[in-house]
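For reference, the structure discussed in these notes is given below.
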Amino acid sequence: MTLSRRKAVALIGGIGAFALPAPFKPVSAQDLPLAPLGVRPPLPMPHLLGPGDTLTAGEVTLADGQAGYGYNGTIPGPTIRVRRGDTFQVQFNNRLPHPTTVHWHGLLSPPEMDGQPQDSIAPGAGRDYRFAIAQRAGLNWYHPHPHGATASQAWQGLAGLVVVEDDEEDRLDLPKSDSELLLILRDAKIKGQGYFGFVVNIQGNQGDVPLVNGVAWPMARLPQGIARLRILNGANARVFKLGCKAPIWVIGNDGGLIDRPVAVQEIELAPAERLDLLLDLRGFSTGDLVELTCLAENWPIMMIEVGQPFRPDWAIPQRLSHIEPLAHEGGPDREFVFEENERINGSRFDINRIDFAVPFGKTERWRFVSARGAPHPVHVHGGHFQVISGTGPNGTLRQPRPWERGWKDTVHLRTHETVDILVRFDAHQGRYLLHCHKLAHEDHGMMMNFIVAKDPVRAMEKAALERLYGPLCFSDA
Ligand code: C2O
Ligand code: CU
Ligand code: CU
């Protein structure tokens with residue numbers, strides 16, 4: 001990306017903060033239609049957070065005077081890029097009227113940098129997040145994780161991307177710059193309480209209009225050729241079912257590249273899941289319009305205008321990455337039943353209770369069971385996992401979907417589904433979270449604290465004592 005283009009991008013970094021360029025009228029809550037505009041607004045690309053820039057959460061005012069929350073004044077917030085081996089460093093300020101935290105979803109941060117609810121940042125306060133990046137390239141993201149208030153803060157606009165880069169990915173020479181789009185999908189409500197106005201709904205908040213990078217029904221441009229679409233479902237509760245008339249290959253997901261490209265017709269993407277896609281526009285001509293659709297709602301989410309040909313000889317690589325398959329003998333080590341809207345295994349989240357401890361470095365098999373209230377996008381902090389088998393309705397086999405290959409941190413549990421995963425925590429020891437990423441479910445108690453420890457028995461004993469007496473000092477974990 002050239003400097004001049006980067007500048008232009010920064011000018012349209014998100015709604016609320018900057019006016020859209022001249023020929024397009026600004027999209028505000030008032031004129032957001034339930035169906036696409038005749039003239040679609042251009043797709044905004046969030047600007048990059050520069051080295052040394054601070055990240056500030058605060059209120060933003062939309063074009064029509066309605067309020068939302070943004071990072072650095074934009075919805076979505078700035079994109080953070082970091083390379084494997086580098087130190088991730090963000091100075092964060094909370095200018096919201098409520099306590100918050102920033103969780104780096106997908107980054108393997110030490111527990112104290114993970115933005116968990118107990119590490120709340122008061123209004124007016126801030127903190128320095130800093131840790132080493134020792135993980136594969138991939139699309140990650142950041143969002144608030146305050147105790148009991150994640151749904152409302154995220155709904156009001158707080159989210160942004162964290163892109164991790166590495167040499168393995170660079171060697172593939174994947175489409176970039178004008179041939180790459182980073183997309184945050186979500187929904188918003190324009191009928192009733194206003195665009196980002198939040199109303200408590202224990203079943204999960206769903207809107208009536210899809211947003212891409214903060215705007216409804218945008219128009220993007222991609223060269224004729226093969227493009228890379230990297231997508232986050234940043235919605236509170238909505239599952240998107242994506243389809244396109246151009247051929248699509250899945251090349252990656254939450255944990256980075258998968259082993260090889262897999263052609264798909266449609267993709268179900270639950271909240272917090274990410275996708276890395278190649279979109280084959282070679283069969284189209286300059287000026288053609290190609291629609292990205294949500295098949296579940298029949299929403300023409302975004303239109304792509306095909307531009308001049310670019311790199312016509314670039315071919316899709318046959319191999320993408322080597323994924324070490326985790327090995328495990330026998331049945332599940334743990335089972336988690338996600339019940340209704342608020343419980344796992346019968347109990348609700350207690351911020352002061354450690355629910356279980358996991359041995360550091362050992363592969364376990366976990367079973368997630370849906371007991372009503374689905375979909376439950378189940379998310380694990382502190383490690384990545386591999387989706388293996390499961391069962392669907394009436395005992396049918398649930399095979400991993402093409403976009404569930406490789407490494408994941410969130411898996412979509414549908415009604416009457418059971419999903420088994422293999423997981424190995426080998427990045428950090430300490431306290432992490434397991435929860436449903438339908439944010440209303442998370443806030444209402446569908447969450448557990450667990451500890452990763454070399455000695456899980458001792459870790460549980462220590463946690464029980466600390467619950468009674470407060471923090472104790474042991475020489476090791
Ligand atoms: Cu994306 Cu615990 O969250
Ligand atoms: Cu997370
Ligand atoms: Cu749930």
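Every number for a ligand or one of its atoms is a count from 1 in the order of the listing. Computed over heavy atoms, backbone and side chain alike; hydrogens, waters and symmetry mates excluded.
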- Message: Just to be careful: counting only protein atoms that are N, O or S, how many fall under 2.8 Å of the Cu ion (ligand 2)?
- Response: 2
- Query: Within the stated cut-off of 2.8 Å, is an N/O/S atom of H103 closer than that to atom 1 (Cu) of ligand 1?
  - Reply: no
- Donor on one side chain, acceptor on other, Q399 and S389, under 3.5 Å: no
- Query: Do H381 and H103 have their ring centres less than 6.0 Å from each other?
  - Reply: yes
- Message: For the metal site, I want the angle between atom NE2 of H381 and atom NE2 of H435 with atom 2 (Cu) of ligand 1 at the apex, to 10°.
- Response: 110°
- Message: Tell me if the centroids of the rings in H145 and H435 come within less than 6.0 Å of each other.
- Response: yes
- Task: Please report the closest heavy-atom contact between G383 and D409, naming both atoms and the distance.
- Result: O-CB, 4.4 Å
- Taking W104 as the fixed residue, which of F92, W141, Y129 is the one that meets the ring pair (Phe, Tyr, Trp, His ring centres under 6.0 Å) rule? Y129
- atom 1 (Cu) of ligand 1 reached by H105 (N, O or S, under 2.8 Å): yes
- Message: Under 2.8 Å from atom 1 (Cu) of ligand 1 - does any N, O or S atom of H437 fall there?
- Response: yes
- Query: Mind checking whether F385 and W407 have ring centres under 6.0 Å apart?
  - Reply: no
- Answer yes or no: is there a donor N or O on one side and an acceptor on the other, between the side chain of E404 and the main chain of R401, under 3.5 Å? yes
- Task: Run the numbers on R274 and N233 for side chain to side chain donor-acceptor pair (under 3.5 Å), then give the verdict.
- Result: CA-CA 6 Å; R274 283 90 76 204; N233 181 349; over 6 Å; no
- Message: Regarding H379, does it place an N, O or S atom less than 2.8 Å from atom 2 (Cu) of ligand 1?
- Response: no
